[in-house]
Structure formats: C-alpha cells, structure tokens
There are 2 protein chains.
Amino acid sequence: MAEIADLRTRSVLPIGTVMLLTDLTARQIRYYEAQGLVKPERNAGNHRTYSLNDVDELLEIRSQMADGFTLADVKRLKHPRHREDSDAEVRKVLRDELLNQSRLNQSPDPGPTIGFRQSH
Amino acid sequence: MAEIADLRTRSVLPIGTVMLLTDLTARQIRYYEAQGLVKPERNAGNHRTYSLNDVDELLEIRSQMADGFTLADVKRLKHPRHREDSDAEVRKVLRDELLNQSRLNQSPDPGPTIGFRQSH
DNA sequence: CGCAACATGTAAGTTTTTCTGACATTTACC
DNA sequence: GGTAAATGTCAGAAAAACTTACATGTTGCG
C-alpha cells in the first residue's frame, strides 16, 4: 500500500477527479493555474495531472475565495515577497478584508452563514 | 482535508489513473472485474470509477498473480464458500501452489527473482 | 453613474481517453 | 494436440479534456 503516500505528490489525477474532490469547475481550476496558483503536470496526451497536494491547495484557495479574498490576495498570502514585510502584508490584507466585510455586511439579509461573493 | 479519507471509499478515479497506480493494463483491470474481483462504479458517462480501496484490491490481485496463483484461486481465497472448509481451501491452494512451484523450478534458468508466469 | 478589472460561464472544434465487442495470441495442463 | 485461462489488439462510438475566444455577472473606483 504505497499508493496513498504516492498520491500526495504523484500527479495522476485528471481534472475531472479534481472537480469532484474540490467542487470547483474545470474553468476555475484552469484559471487558478493561469494565475500561477497551481502547477499541474501533463500526461503524454497533454491532459493535466494533479496530485493530492494540488487538491489540497485548490481546497485552500476555494476556502479563501469563499471568505471573500481575491485571487491576488491568495497569491500574496502564499508567496510573501519578503520575510520582513510578510506580516505587514498579511495584516494589510486582513484589514482590507475586515473593512470590506463590514461594508458588505451593511447590506440587508446577508444570507444563511456564508453569503457574500457567492454567485454559484 | 477530508478528501483523503473520502478517496478510500469514494469512487472518483478513472481507469487510466488506476493503470498508473497498479501497473496493470486496462484489459487486465476490466477482466478482473468481469471475474467478479472488483466492482467499480460508473459515472454519468458510463466510465468506470474506482476508489483507493479498489486500487488496493487490484494491487493484492496483482501480487497474488505474480506469486503464481490463478484468478480462480484469488477469488476463492477472497470468498471462501464455507467457514468450515476455508482452512482446507487455503491449504489446498497453497499446497497446489507449492507443487506447481517446485515443478516449475525444475526448468533451467528460472530467471532473476520472480520468473514464472510473467509474460509482460 | 459608468467603466475597467476580476472571476466565471459557455461554445466550437480538435485530440485523447474510455467504452464495448470480437478475434488473436500465449501459456499451462490433461 | 486440444482446451481453458489470461492478455493483447483492433475497430467504431461515446465521453472527457484541451485551446481559444467571446459573453456575463460582480466589484471597486473616479
């Protein structure tokens, strides 16, 4: 039973499987790749192949998007440009987010639990 | 990170991924299914979908085949008809196997480590 | 308000993968 | 030599994935 560890790093999952595991559309997954957030490999037939680590990253992105972050935010949070200002960076994004959130929460009926920036 | 436990039982892997993880051909995987040894589900497009448990079962089959067992043996070992004779069953198969092996080992140059019943 | 950027949807055309069914080949065994 | 088991291979059809391009809803801002 070595395949489970392999799956963590081994790129064998096609995009359809990743769609099922993440509840993301192929469009979203490819777009996040175009923005440099995931880097799947390709098989001999030029199809994207993902590892379970990729799936986890996509779940993380999905979570942060659901929290109202923008893709640029997610990218910055994942790749802080300098150690020195990474804290400031994070705090800035979080502050912006809080402001954003409070502004959005002024709207009536914010919905069940997670309401903003959820069109689909 | 709930997808890893899901993968144990959730049928999301297409046959191509299973081929990579098991080093079996699609022909072999489908044949083992036809013999009742694995039971993949089907997606909306009628494509087979496998779980990691299925992958493990296939690896087990592959291992036993490499040991010289026949598919019928594998099937019997997995589904003994009665509790009472399951031991006898196992012993019979193992005895047959030993006889088989010693007979085969009379042939000259048995190959590197595992040599018999390995065509590909 | 209006406009630009962001995120996603959708459609068309092509390539790759998977499907079923049939026939061929190899190997082991009586 | 003949039979059964296991796998290979091929053909035609359906599904999945790819790229490119255009459309749409949403957000932030002057």
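Because the structure is a prediction, the values reported are computed rather than measured. Chain naming here is simple, since letters A, B, ... match the order of the sequence lines and numbering starts at 1 in each.
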Closest to side chain of [X], choosing from [options]:
X	options	value
A/Arg42	D/dC18, D/dA5, C/dT18	D/dC18
A/Leu71	C/dC19, C/dA7, C/dT8	C/dA7
B/Thr70	D/dC18, D/dA5, C/dT8	D/dA5
A/His47	C/dC23, C/dG9, C/dT17	C/dT17

- [ ] Specify the residue among A/Ala26 and B/Pro14 whose closest nucleotide of DNA chain C lies further upstream toward the 5′ end.
- [x]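 Nearer the 5' end of the strand: A/Ala26.
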
Task: Toward the 5' end of DNA chain C, by each residue's nearest nucleotide, B/Gly16 or A/Gln35 - done: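 Mapping each residue to its closest nucleotide by heavy atoms, the 5'-most match is A/Gln35.
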
- [ ] Using a strict 4.0 Å threshold on nitrogen-to-oxygen distance, state whether B/Lys39 and B/Asp54 make a salt bridge.
- [x]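 No salt bridge links B/Lys39 with B/Asp54.
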
[Y] backbone acceptor or donor facing [X] side chain under 3.5 Å:
X	Y	result
B/Ser63	B/Leu59	no
A/Lys78	A/Leu37	no
B/Arg48	B/Glu41	no

Specify the separation, in whole Å, of atom [atom1] of [X] and atom [atom2] of [N].
X	N	atom1	atom2	value
B/Leu58	D/dT7	CG	P	12 Å
A/Met65	C/dT8	CE	C1'	9 Å
A/Glu33	D/dT19	CD	C1'	12 Å
B/Ile15	C/dT16	CD1	P	19 Å
A/Arg30	D/dA16	CZ	P	13 Å
B/Tyr50	C/dT18	OH	C1'	10 Å
B/Asn46	C/dG21	CG	C1'	14 Å
A/Ile29	C/dT8	CD1	P	11 Å

Should [X] be listed as having a side-chain N or O under 4.0 Å from OP1 or OP2 of [N]?
X	N	value
A/Arg27	C/dT10	no
A/Tyr31	C/dA7	yes
A/Tyr32	C/dT8	yes
B/Asn43	D/dA16	yes

Open item on the list: Classify A/Arg48 by what it touches in the nucleic acid, base, sugar-phosphate, or nothing, heavy-atom distance under 4.0 Å.
Closed with: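 A/Arg48: backbone/sugar contact only, no base atoms under 4.0 Å.
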
Task: 5' priority, DNA chain D, between B/Ala72 and A/Thr49 [closest heavy atom] - done: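 Closer to the 5' end of DNA chain D: B/Ala72.
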
TODO: Decide yes or no for B/Gln64 and B/Asp73: does some side-chain heavy atom of the first lie under 4.5 Å from some side-chain heavy atom of the second?
DONE: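 Sidechains of B/Asp73 and B/Gln64: no contact.
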
